[in-house]
Amino acid sequence: MNQPKFDALTASQREAVFHKEGPLLVIAGPGSGKTRVITCRIAALIGSGVWPRAICAITFTNKAAEEMRQRAISLGVPPGAQISTFHSMCVRILRQYAQASGVNPAFSIYDTADQSKCVKQALKDCDMDSTNFPPGKMLAAISTLKNKLVTPEAFNTSAEDFFSRNLAKVYTRYQALLDQHNALDFDDLLVKTALLLEGRAEVCRELGERFRFLLIDEYQDTNHAQYRIAKALASLHGNICATGDPDQSIYRWRGADIRNILAFERDWPSAKVVKLEENFRSSATILKAADALIRCNRQRKDKRLVPTRPEGKPIDVVVCEDEFDEAFTIARRIKDLASSGERLNSMAVFYRVNAMSRTMEEAFIRQQVPYQVVRGVEFYNRKEIRDLLAYLKVAVNPQDEVALRRIINTPTRGIGDVTVEKVQAYATAHRISLYQALTQASAIETLSGAVKGRLAVFVARLEVLKKDSAGPAAPLVQRAFTESGLEQSLRESGTGGYPGGQDALENCQELISAAGQYDQQTETPSLLEWLQQISLFSDVDAYDGTSSRVALMSLHAAKGLEFDHVFIAGLEEGLLPHEQSCDDEQEIEEERRLFFVGITRARKSLHITHCRYRTIRGQTLRTVASPFLFELGVESTISTAKEDRDPIHDREHRYDRSDPEITAAFTRGEMVRHKAFGLGRVQDFTDMGDNSFVTIRFNTGQTKTLMLKYANLTKV
DNA sequence: AAAACATACATTTTT
DNA sequence: TGTATGTTTT
C-alpha cells in the first residue's frame with residue numbers, strides 16, 4: 001500500500017524500516033533522515049498488518065511528537081497510533097491506573113516554580129536554613145534521587161553523612177507536601193509510572209498487550225526512570241525500537257544517561273543494530289570538520305559521518321574585538337547573505353548562554369535585521385497566566401495549596417498574610433486542608449466579621465466554578481478570568497499590580513482561545529485534562545520557521561533543527577566549553593558534543609566567531625580561543641572583522657552610523673554611553689527641543705548635566 | 001498595598 | 001552588569 005513511498009530509502013534505512021519483530025537499535029547520525037525512518041517504520045508496521053493502536057511512539061518534546069504526527073499523516077498512515085512524549089504518556093497511564101498507582105486522578109502537575117515553593121516550605125518545616133541548604137541545590141538533589149527511583153523511605157535508611165541526612169529530611173517533607181496537595185512534579189510522573197509497571201505485573205502485562213510495538217526517539221536522552229519504563233513496557237514482547245545518537249547527548253546535566261543507549265545491546269542481546277551514517281544535510285566540508293571534532297571524544301562508539309553532498313564553502317572563522325563587534329559582524333554577514341538572495345529564515349545564530357542574546361538583539365535592531373529569539377519558557381510563566389491557571393487548578397483540585405495561596409489575594413481582595421496564617425492555624429489544628437478550612441471560615445474565632453465575609457465570597461465563587469467544572473474548558477477559563485476579578489484588574493491596569501496590563505489581557509485571551517482549540521480537537525474535553533496537558537507544554541514550539549526572520553537560540557535549543565547558514569558565536573575558553581563544565585573529562589566531552597550539534601545543523605555554510613575581549617558581569621576580560629576550534633582540523637579562513645573599520649573609534653562609529661535619533665528624548669533610568677565618561681544612567685531629562693539637557697550618573701560615580709546636542713550620547 | 005530599597009545570583013532546558 | 005527576589009518603609 002505505502003510501498004512506492006519507501007523506494008527512496010537507502011539500504012540501511014530499509015533495514016531499520018522493515019525490521020519487524022524484536023529489539024532494534026538505530027544509531028542515527030545527524031542529518032541521516034532519522035525522523036523519516038521512524039515514520040516510515042510506523043507506516044511499514046501498519047502496512048504489514050499491525051493495528052495502529054498497538055503502536056506507541058515516544059518522543060522527548062511536544063514539538064517532536066507533533067512533527068512525527070504530521071509526518072505520519074503526510075505518509076498516509078491511518079490514525080490511531082499513540083505518539084506522545086514520555087510525560088504525557090505517563091499522565092495517561094497514571095490516570096487510567098490511578099487506583100493501582102495510588103494517585104488521585106485530579107492531581108496537579110507541579111512545575112519548577114511550584115516545586116521551589118514546596119522545597120522552601122519543606123526547609124522551613126524542617127527548621128533548616130536556606131543559606132546552608134539552598135533550595136535550588138536541594139531540588140536538584142531530590143530530582144536526581146527521583147530519577148534513580150530512590151524513594152524518600154529508601155533514601156532515609158541509606159543516608160549517612162551530614163548532608164545526606166538533611167537531604168533525606170527535606171526530601172521526605174517535600175514529598176509529604178506534594179501528597180498533601182495532591183500534586184505530582186515532573187519527576188513523579190515518571191517515578192510513579194515506573195513503580196506502577198514494576199510493582200503491578202498485571203498492569204505491566206495489560207500495557208504490554210496493548211502496545212505491541214514501542215518506538216523511542218532520542219534514546220540517548222533518557223534518564224534512568226524513563227529507561228526503566230521503556231524496559232518494563234517492552235518486557236512482554238521485546239518489540240522495542242530505540243533511535244538516537246550518542247554523539248548528540250547534551251542533557252547529562254538534567255539526568256540523561258548516555259549508558260542507556262550504549263548498553264542497549266546488553267539489555268536486549270538479540271537486538272539488531274542499524275547504523276545510519278550517511279548525512280543528507282551538510283556540505284562535505286562541514287561534515288569533515290564535525291567529524292574531526294567529535295573524534296576527539298574518547299568515550300564514544302566509533303561511527304562514521306558519510307557525506308552525500310558536495311564540498312561547499314569553507315568554514316569561516318572570524319576573530320572579533322569584543323561582543324559588540326561580534327554581534328555587528330554577524331549581523332552584517334547575515335545582511336550580505338540576504339542581499340545575495342538567501343532567505344532570512346534559512347539562517348540562525350547559536351550561542352552557549354541565553355545572556356548572549358541581548359547583545360545580538362541590539363546589533364540586529366540597529367542593523368535592521370529581522371530576528372526572532374527562540375527561548376524556552378515565557379508564555380506559561382507569565383504572572384497573569386499563572387494566576388489564571390492557579391484559579392482553575394484550585395477549582396479542579398482544592399488540595400493544591402500552592403495554587404490556592406497564589407490566588408487567595410490575587411487580585412487583592414483584602415485577604416492578607418495575617419488572615420491566611422490564621423486560617424492555616426485552624427487547618428493544622430483540625431487536620432484539614434487549607435481549602436477546607438476556608439469553607440469553614442465562619443467558625444474561625446480569630447477572624448473579624450468583615451474578613452469572614454470576604455473569605456465567604458472567595459470560596460463561594462470557587463465552589464460554583466468547581467460545581468460546573470464538567471464539559472469544555474474554554475467557557476470555564478473565561479468564567480474564571482472574569483469571576484476571579486483578574487479581568488477587571490487588568491482592564492484597570494496602571495493602577496493595579498500589572499504593569500503591562502494590555503499585554504497581560506491579551507495573553508489571557510490567548511489562553512482562553514487555546515482552551516477553545518483544545519475543546520474543538522478533543523472528543524470529550526475536560527478542564528482537568530486540559531490543565532494536565534498544558535502543564536507539560538512549553539512554548540519552544542512557538543518557533544516559527546516560516547516567518548522571514550533570523551533565528552537566535554542557544555545551542556541546546558538548536559537540536560533537531562537545520563538551517564542553510566549557521567553562525568556560532570563565542571567560541572572561547574570558559575564559554576564553550578563553559579567554565580562550569582570543565583571539572584571533568586565527561587563534562588568537556590558533553591560540551592564538545594554541544595558544539596558538534598551546533599555545527600551539524602548547517603547545510604551550506606558555517607560561520608564561527610570568537611572575541612579577543614568579552615565583558616562578563618560587568619568585567620571586560622581578555623579571552624582565550626576555545627580549544628575546540630583547533631580540533632576542527634580545517635583550513636579555516638581566519639579573518640579579522642575589524643580590518644575595514646577605523647580601529648580606534650569603532651564602537652562610536654557603529655552607533656553613530658545606525659542611530660539617527662541622537663536628539664531623541666531620554667527617559668529616567670535609561671542606560672547611555674558617553675565617549676569620555678563611558679556608561680551611565682539617566683537621572684533626569686529636560687526636554688527643550690534643540691537645547692535639551694540631560695543629567696546622568698556615570699558608572700565612575702560622578703553625576704553630570706550635559707547639553708544633549710554636544711554630549712553625543714548613545715542609548716545602550 | 002505599593003513603592004522604594006537591599007541583597008543574592010548569575011549554564012544549558014524539557015517535562 | 002543586570003535580574004529576581006525579599007525586606008523595609010510609607
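Proteins get letters first, then strands, A, B, ... in listed order; numbering begins at 1 in each.
- Across all strands shown, B:dA8 pairs with C:dT3; the Watson-Crick or G-U wobble distances both stay below 3.5 Å.
- When both distances must be under 3.5 Å, the Watson-Crick or G-U wobble mate of B:dA1 is C:dT10.
- Checked against C:dG2, B:dA2, B:dT13, the side chain of A:Arg358 finds its nearest nucleotide in C:dG2.
- Side chains of A:Glu590 and A:Gln586: no donor on one and acceptor on the other come within 3.5 Å.
- If you check every strand for non-hydrogen atoms under 4.0 Å, A:Lys559 touches nothing.
- With centroids closer than 5.5 Å and planes inclined by less than 30 degrees as the test, A:Trp253 and the base of B:dT12 pass as a stacked pair.
- Phosphate contact (OP1/OP2 of B:dT14, side-chain N/O of A:Asn62, threshold under 4.0 Å): absent.
- Among the nucleotides B:dT13, B:dT15, C:dT1, the one closest to any side-chain atom of A:His87 is B:dT15.
- Which of B:dT13, C:dG6, B:dT15 sits closest to the side chain of A:Tyr251 comes down to B:dT13.
- Under the 3.5 Å distance criterion, with hydrogens and angles disregarded, a donor-acceptor pair is assigned to the side chains of A:Glu529 and A:Tyr518.
- Here the nucleotide nearest the side chain of A:Thr85, chosen from B:dT13, C:dT1, B:dT15, is B:dT15.
- A donor-acceptor pair under 3.5 Å is absent between the side-chain atoms of A:Asp217 and the main chain of A:Thr59, judged by distance alone.
- When each of A:Gln580 and A:Arg254 is assigned the nucleotide of DNA chain B bearing its nearest heavy atom, the one mapping closer to the 5' terminus is A:Gln580.
- Within the 4.5 Å cutoff, the side chain of A:Ile216 has heavy atoms near those of the A:Tyr219 side chain.
- Each of A:Lys137 and A:Phe186 lies near DNA chain B, and the nucleotide nearest A:Lys137 is the one positioned closer to the 5' end.
- At B:dA10, none of the side-chain N or O atoms of A:Asn354 fall inside 4.0 Å of OP1 or OP2 (strictly under the cut-off).
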